[in-house]
Amino acid sequence: MINEQAYELGSKRSVIREIFEYAKKRGEEIGQENVFDFSIGNPSVPAPAKVNETIERLLRETPSVALHGYTSAQGDKEVRAKIAANLNFRFGVGVSADNLYMTCGAAASLCAALHAICQSGDEMIVFAPYFTEYKVFVEGAGAKLVTVGANADLLPSITEFERAITPKTKGVIVNSPNNPSGVVYGEKTLQALAAVLRKKQEEYGAPIYLISDEPYRELVYDGEAVPFPMNYYENTLSCYSWSKALSLPGERIGYVAVSPKAKESEKLYAAVCGAGRKLGYVCAPALFQRVAAECDGLTGDLSVYKRNRDLLYAALKGYGFSCVYPSGAFYLFMQSPEADAYAFCERAKKYELLFVPSDDFGLKSYVRIAYCVDTETIKRALPKFKELAKEYGL
């Protein structure tokens, strides 16, 4: 017999991927330019010029064995040292190469972190709205997903968070800037979360870990600051990917950083390495380890995303839709004019508008609109949004 859980996951894509695949098929039927696909967070801004320049230079100057061969399982030490130095320069956290484990993107980082800390029967807390795959990752590590609601600004409810922690709680996942809402967790939010975690750790006599999912760390606008969670709470594992900032989602490169202040941090780091071994990760792509180390901290042209956000947000508000103002990432979280977000998304298909219903993000009656598309696509889509609004009498 096959593994039924694996069959279920493989026979049905995530709702995001289902819509993404529908968009490609629909585009073949009527032309891609006539489909307004806002389903997936695929960066539309080109990678910084230094990325291609670095690739070309490495191909010319680096021996093939070093460039395309195995690195250490946790990643090339020189690469890890460069990334650690940059983290220390930017955030003053005191990490070293031996606190970093290189991965194939943030998804692999999260899985390695979860498998490092979770055992069967543990609970992991997430804040709605949350990235759809958290449930898959948490349950894959043998734990149970526990959802905590948000306040009116879609920031975590601290009161509900404290009530949700039990002796079975192994950790909490935070994601800021948030996917799907674009909301940034500010300093006060992180301080409040950390205070609750310390209180509960002392009460239960066991560490509770904070896993920080940070692929959108650099994608912020209007001078917004993204606090680094490791500076606020000791038992933190930071999971990062260059997919969004460097526009490299298909290259699959990221890392887990274990706080040197975490309880038994060396043992925790070894558990992350062991989790990677158990999951068959071997090592992250050697070429892109080196590219990431040299381009760390750079971004594509974020002014394009800001322009897209401002254009779309103002238009949708003007048409009568209710939207959460996004300070980061490249998503707009819009309230559905009817309670059933799936029904709303189906009706939007009449206008070839494709976005993601919020149910799988842990919150009903919203849709996620990924505005990481060409600005002209948004401009051409606006009349369609207007027609959709009129259909609902907005």
Side-chain angles (χ1 to χ4, degrees), residues 65-88 91 93-120 122 124 133-134 136-143 170-175 206-215 217 228-230 233-243 251-293 296:
V65 172
L67 202 59
H68 302 299
Y70 291 119
T71 68
S72 298
Q74 65 266 49
D76 179 81
K77 188 158 189 175
E78 183 180 342
V79 163
R80 289 183 286 122
K82 284 183 180 179
I83 295 165
N86 196 23
L87 282 172
N88 294 333
F91 305 115
V93 287
V95 296
S96 73
D98 293 330
N99 297 116
L100 265 71
Y101 176 82
M102 303 299 294
T103 65
C104 294
S109 298
L110 288 164
C111 289
L114 287 164
H115 279 262
I117 66 172
C118 289
Q119 300 182 69
S120 179
D122 286 341
M124 287 296 301
E133 295 298 272
Y134 287 170
V136 177
F137 299 160
V138 167
E139 291 179 352
K170 186 54 68 75
V172 56
I173 302 174
V174 297
N175 172 220
I208 302 175
Y209 299 98
L210 187 154
I211 295 179
S212 180
D213 181 22
E214 304 174 12
R217 185 197 294 153
F228 194 56
M230 203 178 282
Y233 184 65
E234 295 79 10
N235 286 324
T236 294
L237 298 93
S238 292
C239 297
Y240 186 73
S241 166
W242 286 274
S243 293
E251 308 303 347
R252 312 312 304 144
I253 188 68
Y255 62 78
V256 181
V258 174
S259 173
K261 296 179 182 178
K263 182 177 177 60
E264 297 183 303
S265 63
E266 290 184 8
K267 186 174 181 180
L268 177 59
Y269 177 73
V272 170
C273 296
R277 181 181 178 188
K278 179 174 72 171
L279 293 164
Y281 289 167
V282 184
C283 68
L287 170 59
F288 276 91
Q289 285 188 46
R290 291 168 171 81
V291 173
D296 187 35

Heavy-atom pair with the smallest gap, counting every atom of [X] and [Y]:
X      : Y      : result
His115 : Ala275 : CB-CB, 3.7 Å
Tyr281 : Ala108 : CE1-O, 3.7 Å
Glu214 : Tyr240 : O-CD1, 3.2 Å
Cys118 : Ala143 : SG-CB, 3.9 Å

Hey, what do you get for [atom1] ([X]) to [atom2] ([Y]), rounding to the nearest 0.5 Å?
X      : Y      : atom1 : atom2 : result
Asn235 : Lys261 : CG    : NZ    : 12.0 Å
Glu234 : Ser259 : CD    : OG    : 7.0 Å
Tyr134 : Met124 : OH    : CE    : 10.0 Å
Thr103 : Leu110 : OG1   : CG    : 8.5 Å
Asn99  : Ile83  : CG    : CD1   : 12.5 Å
Asp213 : Ile173 : CG    : CD1   : 7.5 Å

Next on the checklist: Assess the residue pair Phe228 and Thr236 against the criterion (side chain to side chain contact (heavy atoms under 4.5 Å, CB included)); give the C-alpha distance rounded to whole Å, side-chain angles, the decisive distance to 0.1 Å, and a yes or no.
Outcome noted: CA-CA 10 Å; Phe228 194 56; Thr236 294; over 6 Å; no
Under 4.5 Å between any side-chain heavy atoms of [X] and [Y], yes or no?
X      : Y      : result
Ile117 : Ile211 : yes
Tyr255 : Val79  : no
Ser243 : Arg252 : yes

Item to check | Ala292 backbone acceptor or donor facing Asp296 side chain under 3.5 Å | outcome: no
Item to check | Partner of Leu237 under side-chain contact (heavy atoms from CB on, under 4.5 Å), chosen from Tyr101, Tyr269, Tyr209 | outcome: Tyr209
Checklist entry - Which of these passes side chain to side chain donor-acceptor pair (under 3.5 Å) with Thr71: Arg290, Arg80, Gln289? => result Gln289
Checklist entry - Can Ser72 and Gln74 be counted as having a side-chain donor-acceptor contact under 3.5 angstrom? => result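 There is no such pair between these side chains.
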Item to check | Stepwise side chain to side chain contact (heavy atoms under 4.5 Å, CB included) test for Lys77 and Asp98 | outcome: CA-CA 8 Å; Lys77 188 158 189 175; Asp98 293 330; 4.1 Å; yes
